[in-house]
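These notes are about the structure you will find just below.
In this text, all values refer to a predicted model and were calculated from it rather than measured experimentally. Chain A is the first sequence line, chain B the second, and so forth, proteins listed ahead of strands; every chain is numbered from 1.
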There are 2 protein chains.
Amino acid sequence: MSDVAALAGVSHQTVSRVLNGHPSVRPETRERVAEAIAQLGYRRNSAARTLVTRRSGTLGVVTPATALYGPTSTLVGLEEAARVVGWFVSVATIRQFDGDSMHNALEHFLGQGVDGIAIIAPTTEVAQAIAAIASPVPVVLISSASDVPPVPHLHAVGVDQRHGARLATQHLLDQGFSEVVHVAGPQDWFDAQDRLAGWREVCGPGAPEHIEAGWDAADGYELGLRIAREGVPSAIFAANDQLALGLLHAFWEKGVRVPDDVAIVGFDDEVGAAHYTPPLTTVRQDFGALGRLAVDSLQAAFAGKDVARQQIPAELVVRASSVRRA
Amino acid sequence: MSDVAALAGVSHQTVSRVLNGHPSVRPETRERVAEAIAQLGYRRNSAARTLVTRRSGTLGVVTPATALYGPTSTLVGLEEAARVVGWFVSVATIRQFDGDSMHNALEHFLGQGVDGIAIIAPTTEVAQAIAAIASPVPVVLISSASDVPPVPHLHAVGVDQRHGARLATQHLLDQGFSEVVHVAGPQDWFDAQDRLAGWREVCGPGAPEHIEAGWDAADGYELGLRIAREGVPSAIFAANDQLALGLLHAFWEKGVRVPDDVAIVGFDDEVGAAHYTPPLTTVRQDFGALGRLAVDSLQAAFAGKDVARQQIPAELVVRASSVRRA
DNA sequence: GGCATCAATGTGAGCGCTCACCCCGATGGC
DNA sequence: GCCATCGGGGTGAGCGCTCACATTGATGCC
């Protein structure tokens, strides 16, 4: 920086002012400095800057170590939103959702001096672990959880999973399928809990028991084989598209026709869901909006505002798997 | 840090030594310091550390702003490998593969003081843009490109796409399908180029013309409709699983049976490919190994070693879509 | 016993930047 | 003509850490 200052014939402080867009620098001076910067190929050292400002301009994102559609899409959404407001994104993945892993990930980020933390960490255990850690920076939980403990500096934003589940279930009922079975995801995940709850709300007290599974297509496949053997309901609402895909596979294999024998609706609108056999009716989530909401919520936290929990509505995408052919 | 030193009754330097695992500290002293650290909830300020060591312990990863399976899996693989050697991962996504976007992303990271950069940026244009930028830190290109310009500090690692394509094509020929058509990906992507080249190597000069498409299932679907209309070959090697999925969709819709009328092989082994209709034969890439290789290669670069370009072999996964039923 | 050696620890400087504060000269109001 | 004001810019301190070097006492060897 002092080299630049020398070349431009100003003080280091003026260079700093130019770099930070301070108003009280003559355009002429500003230009001279800019030229010197370009000529020397100077780049500001952000470590020094962070050291004195105590702000790194970095958002830490904790995400499960998988290529699952939801988490990765959320990560992309967050990165985009963060970049818009000039933040870098640092990533830590966790393999297990226990308190220790979370604790390590948070320590990792706090040591790094991030300005805020977003956690794509969808289980109740994780939420509890986070609530137990005092963080000097705001933390936003990406989750639709309706029961996140009210801890200071801990915010929550999410896509309204329950609403999405209601849309899916209601759609099946509207199509005339009276018996809607729910293949639920792992119940320690918030999203799985909420999708189950939304389904139950619409089905009412007379609903059949749900079936709990994992998130993978393999789980859906196993279950599909069992269902084909033990009796096929008129409609199934699967907790995500992968489960639905596994069901489709099993039913195809066993000669159970979709949607003629059983209608299916998924959740996520994964890349490719429009091209399953048959194309899958599903619930789409707007991950771009989710990322923006998370970043907004962190910024509000910096400004000292108390941020209400916010949810983004989900959207039903109707395709062939749930529409009875004429 | 001085608080910790005072509480432990040592100098700041001893605290630093404990933090860095320096050997010449008495176990007794070490413990006293550790206790003081715990008691005060002290966390080392990494900005100050970076400022003086000129190493941030951060790996910058540039990746396309999509939830595509390949790039996201590679990101996860990189993060895992980076964490093992104690690096943080910072992410920048790019929406366009032009020189400007790349330049911005690199500037972004260099200003942030990353120790190395990994680029999941698979087009020729990107590679040229990178080669044109002088980087003070090592850069590794995640790519199977056989023609990356030999620029100092620019390394390349990748999964051997050409080998994978040969496996896929040979498999189809071995199954007795004499006419193997290739639905290629966008030819400005290295991976698409190499998969095309591998296919052509095996097919020999008498090969039919390939068909170029995008990466999406929608592209495969459009193409599938056209193929069903204009004449179905005995086998198709699709450049990725999404294309294959689109083909399956179109063929199913038009009553073209797979693999009876046409055998299909994809590439990627995406989550779910085992449950397509029918389950898809495809080529699997080991993204975990890829991440480790990339990190190794950066570490070798630090050590001043000249790193040869390295490739990871691909693996064929045979499923129903390419095996003629008895 | 004297000296080299080494383990264990302390001291001070400085990494590159921003912040608070100071300084100078031009302007304007009375 | 005098002083308050303000735009434009300079000065020095210090953020929290590590590095190079200094210091001390214990040990070993002749």
Side-chain angles (χ1 to χ4, degrees), chain A residues 1-37 40-58 86 88 107-115 136-137 302, chain B residues 1-37 40-58 86 88 107-115 136-137 302:
Chain A
M1 187 153 122
S2 64
D3 293 351
V4 172
L7 182 60
V10 296
S11 76
H12 62 128
Q13 175 59 3
T14 298
V15 176
S16 172
R17 277 193 262 258
V18 170
L19 253 28
N20 293 318
H22 194 281
S24 73
V25 177
R26 251 186 315 176
E28 178 191 321
T29 312
R30 183 182 304 276
E31 196 166 326
R32 228 170 49 241
V33 171
E35 212 166 291
I37 288 173
L40 266 53
Y42 166 80
R43 253 188 304 265
R44 169 162 59 187
N45 180 320
S46 74
R49 187 169 205 239
T50 297
L51 182 57
V52 48
T53 58
R54 290 149 182 295
R55 301 187 125 255
S56 61
T58 299
F88 302 126
E107 278 298 322
H108 165 132
F109 280 141
L110 294 177
Q112 207 189 2
V114 298
D115 292 344
V137 303
F302 291 133
Chain B
M1 187 155 121
S2 64
D3 292 351
V4 172
L7 182 60
V10 297
S11 76
H12 61 131
Q13 176 59 359
T14 300
V15 176
S16 172
R17 277 192 262 260
V18 170
L19 253 28
N20 294 318
H22 194 280
S24 72
V25 176
R26 249 186 316 175
E28 177 192 321
T29 312
R30 186 184 302 279
E31 196 168 326
R32 229 171 47 241
V33 171
E35 210 166 292
I37 286 174
L40 266 52
Y42 166 80
R43 252 187 305 263
R44 170 160 60 186
N45 180 322
S46 74
R49 185 168 205 236
T50 298
L51 182 58
V52 47
T53 59
R54 291 150 180 293
R55 302 186 126 255
S56 61
T58 299
F88 302 126
E107 278 298 322
H108 166 131
F109 280 141
L110 295 177
Q112 206 189 2
V114 298
D115 292 344
V137 302
F302 290 134

Nearest-neighbour nucleotide for the A:R17 side chain, D:dG16, D:dG9, C:dG16 considered: D:dG9
Separation between NE2 of A:H22 and CD of A:Q13, rounded to the nearest 0.5 Å: 8.0 Å
Donor-acceptor contact below 3.5 Å, side chain B:S56 vs main chain B:T50: no
Minimum heavy-atom distance A:N45-B:L51, with the two atoms named: ND2-CD1, 4.0 Å
Pairwise distance CZ(A:R30) to OG(A:S24) - rounded to 0.5 angstrom: 8.5 Å
Gap between atoms CZ and C1', on A:R55 and C:dC17 respectively (whole Å): 16 Å
Value in whole Å for how far the P atom of C:dC19 lies from CD of A:Q13: 8 Å
Within 6.0 angstrom of A:E31 CD, more than 12 heavy atoms from elsewhere: no
Spacing of B:R32 atom CZ relative to C:dA8 atom C1', expressed in whole Å: 12 Å
C:dG10 phosphate, OP1 or OP2, under 4.0 Å from B:T14 side-chain N/O: yes
Presence of B:T53 side-chain N/O under 4.0 Å of D:dT18 phosphate oxygens OP1/OP2: no
Which nucleotide in D:dC15, D:dG10, C:dG10 has an atom nearest any side-chain atom of B:V10: C:dG10
Whole-Å distance separating the CE atom of B:M1 from the P atom of C:dT9: 15 Å
Are any protein N/O atoms closer than 3.5 Å to N/O atoms in nucleotides 6-8 of chain D? If there are, list each pair with its distance.
none

Qualifying residue, where the test is side chain to side chain contact (heavy atoms under 4.5 Å, CB included) with B:V33 and the options are B:L19, B:V18, B:V25: B:V18
A:F302 side chain reached by A:D115 side chain, heavy atoms, under 4.5 Å: yes
Nearest-neighbour nucleotide for the A:H12 side chain, D:dT18, D:dT11, D:dC17 considered: D:dT11
Residue-phosphate contact under 4.0 Å: B:N20 side-chain N/O, D:dT18 OP1/OP2: yes
side-chain contact (heavy atoms from CB on, under 4.5 Å) partners for B:N20, two or more places apart: B:S16, B:R44, B:R49
Spacing of A:D3 atom CG and A:M1 atom CE [to the nearest 0.5 Å]: 11.0 Å
Side-chain N,O (A:R44) to OP1/OP2 (C:dT18) below 4.0 Å: yes
Whole-Å distance separating the CG atom of B:L19 from the C1' atom of D:dC19: 15 Å
Length of the line joining A:H22:NE2 and C:dC17:P, which is rounded to integer Å: 18 Å
Gap between atoms CZ and P, on A:R54 and C:dC17 respectively (whole Å): 18 Å
Nearest-0.5 Å distance, CZ of residue A:R17 to OG of residue A:S11: 6.5 Å
Sugar-phosphate, base or nothing in reach of A:S11, heavy atoms under 4.0 Å: base
A:N45 CG - C:dG14 P separation (whole Å): 18 Å
Between the first and last five pairs of the helix from C:dG1-D:dC30 to C:dC30-D:dG1, the angle of the axes, rounded to 10 degrees: 40°
